[in-house]
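Computed from a predicted model, the values in this text were never measured in an experiment. No hydrogens, no waters, no symmetry mates; every other heavy atom, side chains included, goes into these values. Numbers restart at 1 for each chain; the letters A, B, ... are given by sequence-line order, proteins then strands.
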Amino acid sequence: MDKLFPTQEIGSLAKPAWRVKAYRGETPSKEEIAEAVEWGRRLGVENFEALIKMLEKPERTGEYKKAILQWSALYAIRFFEKAGLDIIFDGEQWRSEMYEHVVRNTEGFKFLGYVKSFDYRYFNKAACVGKPAYTRSFYVEEFVFTKNNTGKMIKVPFTGPYTLADWTFNEYYERKAAAQIKDFKKRKSYARKEFIFDLIKEVLRPEISRLIEAGAKWIQIDEPAATTNLSNEEMQLFVEAFNETVKGFNCIFSLHNCYSNYKILAKYASQLRNCSQLALEFANRDTIQTGVGETRVGYNELKAFEENGYQGNYGIGVVDVHTDFIEPPELIRDRILHAAKIVSDPNRIFVNPDCGLRTRKWGVSFAKLNNMVIGAELARKILQ
Amino acid sequence: MIGCYVTGILPRPKDLVEITRAYDRNKASIKELEEAFTKATKKVIEAQVRAGLSYVTDGMLKWQDLLRPFTENLRGLNAGSLARWFNNNTFYRKPVIVGPLHQAEGIVAKIAYIELMPKNVPWKAVLPAPYTFAKLAENRFYRSERELMFAFAEVLSEEVKSLAKVGFKYIQLSDPALVYNPFEESVSKDNLVDVKEALRITLKNANARTCLQTFFGDFAKILPEALDFPVDDLGIDLYETNMKELKEHTFEKGVALGLIDARTSLVEDENEIVKVANEVVEAIYPSKIRDVFICPNCDLEFLPWERAEEKIRVIGRATKILERGYW
């Protein structure tokens, strides 16, 4: 980018209540429809009155459902544009969730039910029960829609192979390996590798090809599970999986990882090939006082990436996605300036929220992003 | 004896999952939640009895994580932030130690579903081992992790006493941190001496059979020291343990063989389980066989309940086949 500190989003944005209900064929409440009107006006969504009419008369047809997805994506696109971001996508409005969306659209998987994440939170976990097969594209349509509806630079969030495999029971490959490998530990490890590389070859690379054919220029590989297992063997597997996924494509690739062990990730980051940017979460670890230097404890681990020889760009998280606290522009400015000091070249710094904003209400997300854009501008003025 | 049991928190059956989710979103009352826990606890106890397990637990369905009853009920600590539970996509709340740990008799005995436990099968209880607790806590009070471990061992000894008093015949201490070594640095010999002493303190009043259950790591790494630990049985995760090294040692205690993989949904073939169990037993008991238990490698909570139940049945069947071979 030709300016310092370009601003970007990471991926998800909350789904408006009208989107959720209308998609299910239900009529949104008056308040929910009023919200669609209000945001339509505020964001300048063209012809949003047509959406309002649709919401008042829900239908249970495929055509209607798709129109709702498109409206919701259009709202999200205008949302990011209006907040002033330089690099955007559609808030993942077409996707149920980053894991489920891919698994539901790929053959060879079966959902087994809810398993515990923590407390009374669970996630719907699938098992791989057959060789994964690519039957239909799962990201291209939403990408094309976004491309046709914005003039901004687009970055496509793409769930990575290591995470997909780590969050899935590996029945097919473990059963297959049982015939050849007696030792349980070796069997599991062999089966895991086979699963990941088949998934890359059979499903993920074909989808990347289609995205690039459709005009995608930048794909962000999302790997929240990257440091689940800190052993050298597993970290190497994560690196190999990334490299194999992006190998040989004419496209910009980057990695997003959050709420992880960055000391360990830093040791392996320089081995990621064709990874132009690491988008990382820092605001969540930081204090909220303004200032550059000691008060910026959240950004300590940025040093680890530098010390370990990572030379690409960073997308630094400057707003926390888990609180409603609206970071003031001055705090965001100082976080950026502090990071710019650690990374000798300020041109290597992009600015983003810690993660997708799906858990925050639109009003909160908008205020956070808007301040992020102002904060980046303040930082730019100081350094230019 | 050749026996079998589960080794920790069981998954919540579907109905209970639904109620807990609803409760979390303020769409179910505390009464509905309690009723659902009771109903589900009955179900998971019955499943264990039906499968023919030698000892039965109450399923620990309320336990949000292995440390939580202590994190929430012990004086001297606060509940901290969420942290990853070893190398799983599951999280626990970090206990933050801010003052001296106060013994509060019977935390676990109080939350156990005693009234639902079967009359004709002996009961088993599960507690976090002192080493794992100290390792996973954030220590802001004691001078060292070691000191915290001994303080928690004192607390635990009261727990053990009260559990035995209400009728538990088997007490397992879960100690994943003792063998979980992603960076391949084993626990030092000095540390293992301390662990042994902490176990002695914990179990000094144990009027029950005891086990130190290790998982998520290689049990062979704490050999031969573990052979002298003051417990009746040693629990081994056979999906993480170097089998070759394990088989080089001679045991004089009982073993709990973690042969059912709680971290995969693929249901094991009982004949393969029996075959591997026999190989281990022959190697570690060259002259005199001791007590052998077949069990999951870790808590079955990583699975949906239906799969866990199938695996519990495999445990029962494999144990019967194994038993026929010896007696």
- Query: Which answer fits Lys14(B), side chain, backbone, both or neither, if we ask what part of it has an atom under 4.5 Å from a heavy atom of chain A?
  - Reply: neither

- Message: Looking at Lys21(A), I want to see if its NZ is surrounded by more than 12 non-hydrogen atoms of other residues, nucleotides or ligands under 6.0 Å.
- Response: yes

- Carboxylate-amine/guanidinium proximity below 4.0 Å for Arg187(A) and Glu272(B): yes

- Which bit of Glu268(B) comes within less than 4.5 Å of chain A, counting heavy atoms only: side chain, backbone, both or neither? neither

- CZ of Arg12(B) to OH of Tyr114(A), rounded to nearest 0.5 Å, is 14.5 Å

- Considering only heavy atoms and a distance below 4.5 Å, find which of Met243(B), Glu240(B), Lys244(B) pairs most often with chain A. Glu240(B)

- Task: Using a cut-off of 6.0 Å, state whether more than 12 heavy atoms not belonging to Lys94(B) lie near its atom NZ.
- Result: yes

- Message: Ring-plane angle category for Tyr120(A) and Phe37(B), please: parallel below 30°, perpendicular beyond 60°, tilted otherwise.
- Response: tilted

- Query: What part of Trp63(B) gets closer than 4.5 Å to chain A, counting heavy atoms only: side chain, backbone, both or neither?
  - Reply: backbone

- Ranking Leu303(B), Asp65(B), Asp237(B) by heavy-atom pairs under 4.5 Å to chain A gives rank one to Leu303(B)

- Query: Tell me, side chain or backbone of Leu33(B) under 4.5 Å from chain A's heavy atoms, or both, or neither?
  - Reply: side chain

- Between the CG atom in Asn89(B) and the CZ atom in Phe118(A), the distance rounded to the nearest 0.5 Å is 11.0 Å

- Distance under 6.0 Å and angle within 45° of ring axis: Arg307(B) vs Phe169(A): no

- For Asn229(A) and Asn87(B), the nearest pair of non-hydrogen atoms, with its separation, is ND2-ND2, 3.2 Å

- Item | Residues, nucleotides or ligands: over 12 heavy atoms within 6.0 Å of Glu294(A) CD | no

- Task: Select one option (side chain, backbone, both, neither) describing which atoms of Asp269(B) are under 4.5 Å from chain A's heavy atoms.
- Result: neither

- Query: Do other residues, nucleotides or ligands put more than 12 heavy atoms under 6.0 Å from the NZ atom of Lys182(A)?
  - Reply: no

- Heavy-atom proximity to chain B below 4.5 Å, by part of Asp183(A): side chain

- Between Leu82(B) and chain A, which part of the residue has a heavy atom less than 4.5 Å away: side chain, backbone, both or neither? side chain

- Message: Closer than 4.0 angstrom, basic N to acidic O: yes or no for Arg68(B) and Asp119(A)?
- Response: yes

- Query: If you count heavy-atom pairs under 4.5 Å with chain A, which of Ser265(B), Pro11(B), Pro182(B) comes out on top?
  - Reply: Ser265(B)

- Message: What I'd like to find out is whether the side chain of Asn297(B) reaches to under 4.5 Å of the side chain of Phe184(A), using heavy atoms alone.
- Response: no

- Query: Pick from Trp305(B), Trp85(B), Tyr239(B), Tyr23(B): which one has the most heavy-atom pairs with chain A under 4.5 Å?
  - Reply: Tyr239(B)

- Note on the structure: Looking only at Tyr172(A), Trp167(A), Tyr259(A), the option with the highest number of non-hydrogen pairs under 4.5 Å against chain B is Trp167(A)

- Message: Using every non-hydrogen atom in the two residues, find where Thr227(A) and Arg84(B) come nearest and quote the distance to one decimal.
- Response: O-NE, 4.4 Å

- Checking heavy atoms, do the side chain of Tyr92(B), its backbone, both or neither come under 4.5 Å from chain A? neither

- Task: For side chain to side chain contact (heavy atoms under 4.5 Å, CB included), just list the numbers for Ile264(A) and Phe183(B), CA-CA rounded to whole Å, side-chain angles, deciding distance to a tenth of an Å, and then say yes or no.
- Result: CA-CA 11 Å; Ile264(A) 299 299; Phe183(B) 309 118; 3.5 Å; yes

- Query: Side chains of Phe91(B) and Ser117(A): closer than 4.5 Å at any heavy-atom pair?
  - Reply: yes

- Query: Measuring heavy-atom distances to chain A, does Val267(B) have an atom under 4.5 Å in its side chain, in its backbone, in both, or in neither?
  - Reply: neither

- Check each atom of Phe302(B) against the heavy atoms of chain A and say whether the ones under 4.5 Å are side chain, backbone, both or neither. backbone

- Close side-chain approach of Arg263(B) and Lys188(A), heavy atoms under 4.5 Å: yes

- Task: Give, for atom CD of Glu174(A) and atom OG1 of Thr264(B), the distance between the pair rounded to the nearest 0.5 Å.
- Result: 3.5 Å

- Query: Which one, Glu171(A), Lys186(A), Lys185(A), Arg175(A), leads in non-hydrogen pairs under 4.5 Å with chain B?
  - Reply: Glu171(A)

- Task: For Glu35(B), look at atom CD and say whether over 12 heavy atoms of other residues, nucleotides or ligands are found less than 6.0 Å away.
- Result: yes

